[in-house]
Amino acid sequence: MDNLMYKSTRGSKEYLTSAEAIKRGLAEDGGLYMPLTIPKIDLDFIGGMVEDTYSERAFKVLSLYLTDYDKNTLHDICKKAYSDTRFIGGAAPVTSLNDKLNVLELWHGPTCAFKDMALQIMPMLLSEALKMTGEKKDALILVATSGDTGKAALEGYRDVDKIRIMVFYPENGVSAMQKLQMASQEGENVNVVAIKGNFDDAQTGVKEIFASSEIAEKLLEKNTFLSSANSINWGRLVPQIAYYFSAYCDMVKSGKTKLGEKVTFVVPTGNFGNIFAAHLARQMGLPINKLVCASNKNSVLTDFIENGVYDKNREFYTTISPSMDILVSSNVERLLSLISGENGTYSYMDSLKTEGKYTLTEEEKNNVKLGFKAGFTTEEETNFEIRDTFEKYNYLIDTHTAVAMKCAKDYLKDSQGEQVIVVSTASPYKFASSVIEALGKTCELEAVLAPEELESLTKKEIPLPLVKLHEKRIRFKKSIDKNQMAKEVLEF
């Protein structure tokens, strides 16, 4: 069988294997890598996974995309990445709240966020890619984070041979727990720097560093090349497809869904990677009816899906769901490549860069609305959902899952009777102060001690990775202006 090849969303005629695409991260023309074709599966493929472990399910899905990887090696990578020691309580369990409403819990990994689902396996995929491509240089992973990606990437790449990692985050744009997790990160090959700005500033700065031939040459002198752990990297996005298959299999296994019946996923998303992975699963043949894109007050994606207009020229809000405080959602570009083609994608990305906006054609707009619905949540509604979900179901959710919960309830009013699955992206203990206040209490302790207070209030156990986190030594305290990012990279 020929290998599945990859190329840039912006039309470059260079075709790469998956290993080469994962190694590079971002295409030279600034585009994102996409497979030339999307693999197709049938119901027998899904039925054959129902009794599998999560690692087996992940292996079967990834095998369809990473065709140049040795099958035995890939199988071992999946088994190691999704072991019980890394994911205490299971990699991606589904909890049922009532007869139609379910929650896919993606936060049982070492950093208590859904990013672990990709960033526990991605370093292994990259290490293998370096061997497969005969790469002699060291890799420097650059990450812009709105909170969870940074810690998950740091943990995943900690002390990995021939790889160093540097994370930039907005100084006032992450929760106290997220900041503490990153600032206390262990490992000899890691670096963390705050910037005076928001996530979009950090993400733009990282993309500019990737696009700089001058920086590339200076790094080459140090026998180093750049790669990415953000969802712009295919190696970060492709593992996310697997948990949508896994959730569906669990719904079939529990009897809540019959094999072949469609379900709907409600995904809280900022950078559009998580929900785009679900879209790829649907394109492959997974029975999904709608994908509901749930946004917070920064509702740029809601407007895009409902009106076909992407406009970043708007006020930026800092909210209690900081991982979604984003105005430039990178992975929309991958969706554009499927509905608009290479020329359309290039034109739209150019308009976004020069004018800060673009508008889809009527046909493209209708294509988006065929598969997606969208909603957004105010701060007050987010708080209400945390309190209401706890009171009704004795189930504790974080500030991002709450956004999806509101959109799920709205969707259920007009649904076609299918099972609805809320994608839960973080432990409530990562945003303990906000969750305490949403429950109608005042947070009495300082933010880093809030998890103990939330545990006392709700009698829900703190996840092991967050226990006594406040006692860890702070290693990284630096904060810089956003225009100093390149200088920091070269110094590191």
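All residue numbers refer to positions in the sequence shown, counting from 1. Because the structure is a prediction, the values reported are computed rather than measured.
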Using only heavy-atom distances, determine whether the side chains of Ser330 and Lys207 contain a donor-acceptor pair under 3.5 Å.
yes
Quick one about Asn296 and Asp325 (side-chain donor to acceptor, distance below 3.5 Å, no hydrogens or angles considered), yes or no?
yes
Under the 6.0 Å and 45° cation-pi test, does Arg24 pair with Tyr33?
no
For residues Ser479 and Glu171, is any side-chain donor paired with an opposing acceptor at under 3.5 Å?
yes
Distance-only donor-acceptor check, side chains Ser337 and Thr9, under 3.5 Å
no
Residue list, side-chain hydrogen bond (donor to acceptor under 3.5 Å, both in side chains) with Arg334, at least two apart or on another chain
Asn331
We want to know whether Asn271 and Gln203 form a side-chain donor-acceptor pair, criterion being a heavy-atom distance below 3.5 angstrom.
yes
Check ion pair Arg10-Asp29 (N to O, under 4.0 angstrom)
no
With a 4.5 Å limit on heavy-atom distance, are the side chains of Asp200 and Lys312 in contact?
no
Set of ring pair (Phe, Tyr, Trp, His ring centres under 6.0 Å) partners for Phe114, sequence neighbours left out:
none
Provide the full list of side-chain hydrogen bond (donor to acceptor under 3.5 Å, both in side chains) pairs with a residue in residues 366-375, sequence neighbours left out, each pair given once.
none
Pairs where residues 271-298 contributes a residue and the test salt bridge (charged side-chain N to carboxylate O under 4.0 Å, His left out) is met, not counting sequence neighbours
none
Residues Glu342 and Lys13 bridged, charged N to O under 4.0 Å
yes
Mind checking salt bridge (charged side-chain N to carboxylate O under 4.0 Å, His left out) for Lys353 and listing every partner two or more places apart, or none if nothing turns up?
none
Residues Asn3 and Tyr15: side-chain donor-acceptor under 3.5 angstrom:
no
Got a sec, which residues hit side-chain hydrogen bond (donor to acceptor under 3.5 Å, both in side chains) with Thr269, two or more places apart in sequence or on another chain?
none
Would you please name every residue forming a ring pair (Phe, Tyr, Trp, His ring centres under 6.0 Å) with Tyr346, sequence neighbours left out?
none
Just grab all the ring-ring contact (aromatic ring centres under 6.0 Å, His included) pairs involving residues 155-177, residues at least two apart or on different chains.
none
Identify, with sequence neighbours excluded, every residue that meets salt bridge (charged side-chain N to carboxylate O under 4.0 Å, His left out) alongside Asp250.
Arg57
Please check: side-chain N/O of Asn189 versus main-chain N/O of Asp159, any donor-acceptor pairing under 3.5 Å?
yes
Please check: side-chain N/O of Ser329 versus main-chain N/O of Gly270, any donor-acceptor pairing under 3.5 Å?
yes
Ring pair (Phe, Tyr, Trp, His ring centres under 6.0 Å) involving Phe376 - partner list, sequence neighbours excluded
none
Test: salt bridge (charged side-chain N to carboxylate O under 4.0 Å, His left out). Region: residues 213-235. Which pairs qualify, not counting sequence neighbours?
Glu214-Lys218
Is the backbone of His75 close enough, under 3.5 Å, to the side chain of Tyr69 for a donor and an acceptor to pair up by distance?
no
Note: Lys357-Glu355 ion pair, threshold 4.0 Å (strictly below):
no
Ignoring hydrogens and geometry beyond distance, is a side-chain donor-acceptor pair present between Gln185 and Lys151 at under 3.5 Å?
yes
Are Trp234 and Ser18 linked by a side-chain donor-acceptor pair shorter than 3.5 Å?
no
Under a plain distance cut-off of 3.5 Å, with no hydrogens placed, do Ser340 and Glu364 share a side-chain donor-acceptor pair?
yes
Which residues share a ring pair (Phe, Tyr, Trp, His ring centres under 6.0 Å) with Tyr244, sequence neighbours left out
Phe265
